[in-house]
*Asks:* 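Please read through the structure below; I'll follow up with questions.
The figures here come from the full heavy-atom set of this structure, side chains too, leaving out hydrogens, waters and symmetry mates. So that the names make sense, note that chain A is the first sequence line, chain B the second, and so on, each numbered from 1.
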Number of protein chains: 2
Amino acid sequence: MESKNKEELLQKFSQLEQPLLDEILAQSTIRHLKEGDEALRTGQYIKSTVLLSKGLLKVYREDENGNEFLMYYLEPGNACALSMMCTARDEQSQIMVKAVDESEIILIPSHLSELWLAKYKSWHNFVIASYRQRFEELLQTLDSVAFKALDERLLFYLKRHVKVSGNEVKLSHQQIANELSSSREVISRLLKKLEQTGAITLHRNYIEVHDLDIV
Amino acid sequence: MESKNKEELLQKFSQLEQPLLDEILAQSTIRHLKEGDEALRTGQYIKSTVLLSKGLLKVYREDENGNEFLMYYLEPGNACALSMMCTARDEQSQIMVKAVDESEIILIPSHLSELWLAKYKSWHNFVIASYRQRFEELLQTLDSVAFKALDERLLFYLKRHVKVSGNEVKLSHQQIANELSSSREVISRLLKKLEQTGAITLHRNYIEVHDLDIV
DNA sequence: TCCCTTCTGTGACATCAGTCACTGTACTCC
DNA sequence: GGAGTACAGTGACTGATGTCACAGAAGGGA
């Protein structure tokens with residue numbers, strides 16, 4: 001790993017102790033993903049723990065008919081919790097992970113990540129914290145699917161998207177419909193209604209978000 | 001803790017190493033729950049890791065309007081993964097845990113459970129395995145809500161229930177409706193349809209399950 | 001510039017699920 | 001055994017969401 005990566009790593013994962021960061025730098029491999037590249041596919045065997053150093057990943061579920069829906073996003077400094085749990089047993093991934101923007105991921109061989117749990121307190125804490133965070137996000141997603149009508153789910157979705165990538169939501173209605181496991185026409189109508197409240201402005205291939213809390 | 005508990009504990013948690021079991025026996029407290037008693041409420045501060053030694057618990061989510069829906073069941077030998085994650089930070093519970101049958105739970109003070117992660121390899125493995133299992137079950141629940149119509153969700157629900165408590169499903173239609181976050185009438189109709197296929201027979205306050213795979 | 005593709009908007013309609021209103025049935029407690 | 005209560009069955013209606021069928025708008029490439 002080159003030295004410029006080192007500095008970036010230190011920044012993104014500053015909660016990890018120095019000797020651990022050194023090991024990561026020495027032992028892991030870097031992968032660059034273009035927008036739309038997959039970091040992990042459903043059914044794939046997991047051999048590494050995935051850390052995100054740059055970019056944005058989405059973690060989602062896909063059913064047998066190709067329907068998908070978004071679980072949550074991963075930002076730089078996050079780890080894919082599932083890839084940590086699968087550690088050491090060559091488990092198959094239950095999820096899809098895809099790059100939303102151009103991204104850079106750090107792949108740590110599973111046996112090392114396993115080893116470090118005992119060796120580095122900060123790694124152990126990081127893993128636990130990651131589990132917890134993801135579990136909570138998943139619960140929120142679950143809530144929104146189980147308890148909320150589609151208009152509220154759309155709001156929840158937009159808010160989350162704004163939080164990770166700003167007020168210009170660069171998505172087509174079709175993409176949004178996919179991630180909510182709905183259909184384009186319905187999303188179009190709901191977005192139109194939102195536009196009428198003044199919360200957003202619609203454009204081709206992107207949505208300008210003004211204020212989602214006024215709704 | 002009395003000695004008869006000790007033997008039971010050994011049985012249910014045989015994957016844990018002996019010195020750890022001794023510590024558990026010495027340091028934890030036992031609580032007996034009657035059917036319907038709550039082990040954990042949403043918003044409650046978590047001070048202990050919860051292990052289930054006898055009975056059956058259901059873990060579910062509740063929204064602000066009192067709607068609920070089932071996440072998964074815990075059987076003897078299982079632990080409440082959420083209560084492990086909240087460890088050491090006095091976090092609030094995001095979930096409800098309630099006894100389905102008369103149950104016995106083991107409460108381990110959070111600081112100990114935290115300590116043991118480093119001290120006992122088998123504890124560490126147990127915690128990781130618990131996270132993973134619960135995460136997977138949660139994903140399945142999520143799938144069923146997101147991708148399936150209510151009739152299939154009902155099937156999924158019944159199958160899961162049969163797995164943990166046998167072919168006599170002792171529940172009213174109302175209870176099932178609650179756990180699926182639906183309404184009694186709808187569940188009644190779907191059950192009636194199921195009965196017509198021969199998969200089940202309906203009785204007052206319980207459902208006799210013959211074969212859910214023929215549907 | 002012109003064609004072609006992709007994205008968006010919209011009406012009409014079908015379907016599933018939730019709600020209301022009511023009936024009937026089984027169990028329980030005096 | 002009678003009254004009261006919880007549970008179950010059913011028809012009618014409503015609303016939300018998904019589907020179909022188009023039409024129009026925006027952008028991209030030859």
*Asks:* Counting the atoms with a prime plus P, OP1 and OP2 as sugar-phosphate, which does Ser183(B) contact under 4.0 Å by heavy atoms, base, sugar-phosphate, or nothing?
*Replies:* base

*Asks:* Answer yes or no: does atom CD of Glu102(B) have more than 12 heavy-atom neighbours from other residues, nucleotides or ligands under 6.0 Å?
*Replies:* no

*Asks:* Using a strict cut-off of less than 4.0 Å between a Lys/Arg side-chain nitrogen and an Asp/Glu carboxylate oxygen, indicate whether Arg61(A) and Asp143(B) qualify as a salt bridge.
*Replies:* yes

*Asks:* Quick check: are there more than 12 heavy atoms from other residues, nucleotides or ligands sitting under 6.0 Å from CD of Glu38(B)?
*Replies:*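 Yes.
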
*Asks:* Could you say whether Gln174(A) or Leu150(B) is positioned toward the 5' end of DNA chain C, judged by the nucleotide with the nearest heavy atom to each?
*Replies:* Gln174(A)

*Asks:* Ignoring hydrogens and angles, write down the donor-acceptor pairs under 3.5 Å from the side chains of residues 62-70 of chain A, residues two or more places apart or on other chains.
*Replies:*
| residue | atom | partner | partner atom | Å |
| --- | --- | --- | --- | --- |
| Asp63(A) | OD1 | Asn65(A) | N | 2.9 |
| Asp63(A) | OD1 | Gly66(A) | N | 3.2 |
| Asp63(A) | OD1 | Asn67(A) | N | 3.0 |
| Asp63(A) | OD2 | Asn67(A) | ND2 | 3.2 |
| Glu64(A) | OE2 | Lys148(B) | NZ | 3.3 |

*Asks:* Please list, by residue number, the residues of residues 200-210 of chain A whose heavy atoms come closer than 4.0 Å to an atom of DNA chain C; answer none if no residue qualifies.
*Replies:*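 By residue number: Leu202(A), His203(A), Arg204(A), Asn205(A).
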
*Asks:* Which nucleotide of DNA chain C is the first, and which the last, in the 5' to 3' direction, to come under 4.0 Å of a heavy atom belonging to chain A?
*Replies:* dT6(C) to dA12(C)

*Asks:* Which residues in residues 186-194 of chain A have at least one heavy atom lying under 4.0 Å from any atom of DNA chain D?
*Replies:* Val186(A), Arg189(A)

*Asks:* At the 4.0 Å heavy-atom cut-off to chain A, mark where contacts on DNA chain D begin and end, going 5' to 3'.
*Replies:* dT17(D) to dG27(D)

*Asks:* To the nearest 0.5 Å, how far apart are NZ in Lys193(B) and CG in Leu191(B)?
*Replies:* 11.0 Å

*Asks:* Please determine whether a side-chain nitrogen of the Lys or Arg among Glu179(A) and Lys58(A) lies less than 4.0 Å from a carboxylate oxygen of the Asp or Glu.
*Replies:* yes

*Asks:* Among side-chain atoms of Glu104(B) and Ser53(B), is any donor-acceptor pair under 3.5 angstrom?
*Replies:*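 Yes.
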
*Asks:* Does the pair Arg132(B)/Glu136(B) count as a salt bridge with the N-to-O cut at 4.0 Å?
*Replies:*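 Glu136(B) and Arg132(B): salt-bridged.
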
*Asks:* Which pairs pass salt bridge (charged side-chain N to carboxylate O under 4.0 Å, His left out) with one or both residues in residues 201-215 of chain B, sequence neighbours excluded?
*Replies:* Lys159(B)-Asp213(B)

*Asks:* Would you please classify the geometry between the Tyr157(A) ring and the His161(A) ring as parallel, tilted or perpendicular, with 30° and 60° separating the classes?
*Replies:*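 Rings of His161(A) and Tyr157(A): tilted, 30 to 60°.
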
*Asks:* Can you label the angle between the Trp123(B) ring and the Phe126(B) ring as parallel, tilted or perpendicular, going by 30° and 60°?
*Replies:* tilted

*Asks:* Any ion pair linking Arg160(A) and Glu137(A) (charged N to carboxylate O, less than 4.0 Å)?
*Replies:* yes

*Asks:* Could you tell me whether the side chain of Ser103(A) and the main chain of Asp101(A) form a donor-acceptor pair under 3.5 Å?
*Replies:* yes

